[in-house]
Amino acid sequence: MTAQIAERLRFQGQDVAMCTEPLGDYFEMGGFQPNFEFNCTALWRGYVGNWEVVENRLYMTALEGVLSDGSKATITTVFPNFPNRVFAHWYSGTLRAPQGKLLKYKHMGYGSTYERDLLVDIERGVVVGNRIRQNGTAESDDAVEGYGIRAMTTFARNKDHPEDAP
Amino acid sequence: MIYLYAYFGIGVFTLVIVVAADRIAKMQPPDAWSALWTSADPAPETFWHHVFEKVLLPVLAAPLVIVAWPIAVYMKVSDLLGAKQPFKFEPERVFAVERAHLQERLSLREVEHRETIHDPLGAVPQLPFGHLHAAWLAFVEQIGADDELWSFLAEWKSQAGHPELRLGYVAVRNCKPRQHFLTMRKSLDEMRPV
């Protein structure tokens, strides 16, 4: 499995890449799941979500994706009456935002290791704590800074025969 | 000393069997996988490649078989036994609530009152289970008139071995938990102290 494009999180005024998918839990718990189109090996879930912690609460603020019929998916595709933000009350777990230089790249899921992980503990959408986990120090000053992926394969949509699209 | 001769004698006999089996196997037409593998083999068919494969390798391998024939016999027997036991596909474990997980019996009204979500920014419907209200209604439709509604708490390990805490509500009929509705699914993997 290819390394995956991260979600985006705004936490304490900083925008970070987040290697956790809270919306996945929503779908697992019975929430409406649109038929996202898979067109890139680095985005198996078919969407990218923007998240924000406001007053110690986790909100989804945007969603970008493409549906199987080729139309664009937005936050209102999943949450029709909430175009601006959605309180993620269904989510309990730990958000992970890698920070610092790359220590070890793994071309699989969110498997790469960085110098630090910002961990934000959430219970039913409410932040109950946050911490930094130290994973080590990069040997080289030239090591890549910040989360990223190295390669992916994209699939073009078949405009003539959209029913054949993956 | 005679035992040593006997040991090496069996080793030579084993070598003969191994060579014969190899010759017989090469006389069989290759299966699709072997043919594909051979055609994809990047090693060029050079003189030295032939020398290595046809001369050097057998010369080096023969004494090894004579000396370590018990290992060769063990490997062959294991191989034969393994071939008779086809690979068993384990079905994926599905989570189900058990009696030991039950916490508290509640009425539908109590549950819905308890689970109505409030948010200062108004980013959730003022309904039981908020954004999961439709899923809750679907669950309620399945509850029989005589079923009891219980809260549950369970520790669960996924197929991949990741521990999780699962909470929610379950319909119980004749003391047997049936369909459930999850309210919390929390991975315990990340809950490690710094």
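Letters A, B, ... are given to chains in the order of the sequence lines, protein chains preceding strands, and every chain is numbered from 1. Values in this document were obtained by computation on a predicted structure and should not be read as measured data.
Heavy-atom proximity under 4.5 angstrom to chain A picks out nothing from residues 96-113 of chain B. Of all residues in residues 9-31 of chain A, those placing a non-hydrogen atom less than 4.5 angstrom from a non-hydrogen atom of chain B are A:D25, A:Y26, A:E28, A:M29, A:G30, A:G31. At a heavy-atom separation below 4.5 angstrom, chain A is approached by B:A135 within residues 135-157 of chain B.
Side-chain contact between B:L188 and B:L165: present, with at least one pair of heavy atoms (C-beta onward) separated by less than 4.5 Å. Side-chain contact between B:Y7 and B:P70 is present, with heavy atoms from C-beta onward closer than 4.5 Å. The side-chain heavy atoms of A:I132 and A:Q134, taken from C-beta on, include a pair separated by under 4.5 Å. The shortest distance between side-chain heavy atoms of A:V120 and A:R131 does not fall below 4.5 Å. In this structure the side chain of B:F8 reaches within 4.5 angstrom of the side chain of B:V67, judged on heavy atoms.
Note on B:K186 versus B:E164: no salt bridge recorded, every NZ/NE/NH1/NH2 to OD/OE distance being 4.0 Å or above.
For A:V78, no part sits under 4.5 Å from any heavy atom of chain B, backbone or side chain. Neither the backbone nor the side chain of B:H180 comes within contact range of chain A; no heavy atom of the residue lies under 4.5 Å from a heavy atom of that chain. Contacts between B:I117 and chain A at a heavy-atom distance below 4.5 Å involve the side chain alone, from C-beta outward.
Checked against the 6.0 Å centroid threshold, A:F36 and A:Y47 count as a close aromatic pair. Taking the ring centroids of B:F129 and A:W90, they lie at or beyond the 6.0 Å cut-off. Aromatic ring centres of A:F87 and B:H131: separated by at least 6.0 Å. Within the 6.0 Å centre-distance limit, the rings of A:W44 and A:F38 are counted as a close aromatic pair.
Between the side chains of A:Y91 and A:E123, not a single donor N or O lies within less than 3.5 Å of an accepting N or O. There is a side-chain donor-acceptor pair under 3.5 Å between A:D117 and A:N135.
Scanning for salt bridge (Lys or Arg N to Asp or Glu O under 4.0 Å) contacts around B:D119 gives A:R57, with sequence neighbours left out.
Grouping the Ile, Leu, Val, Met, Phe, Trp and Tyr side chains by contacts below 4.5 angstrom, directly or via other members, places B:I66 apart from B:I2.
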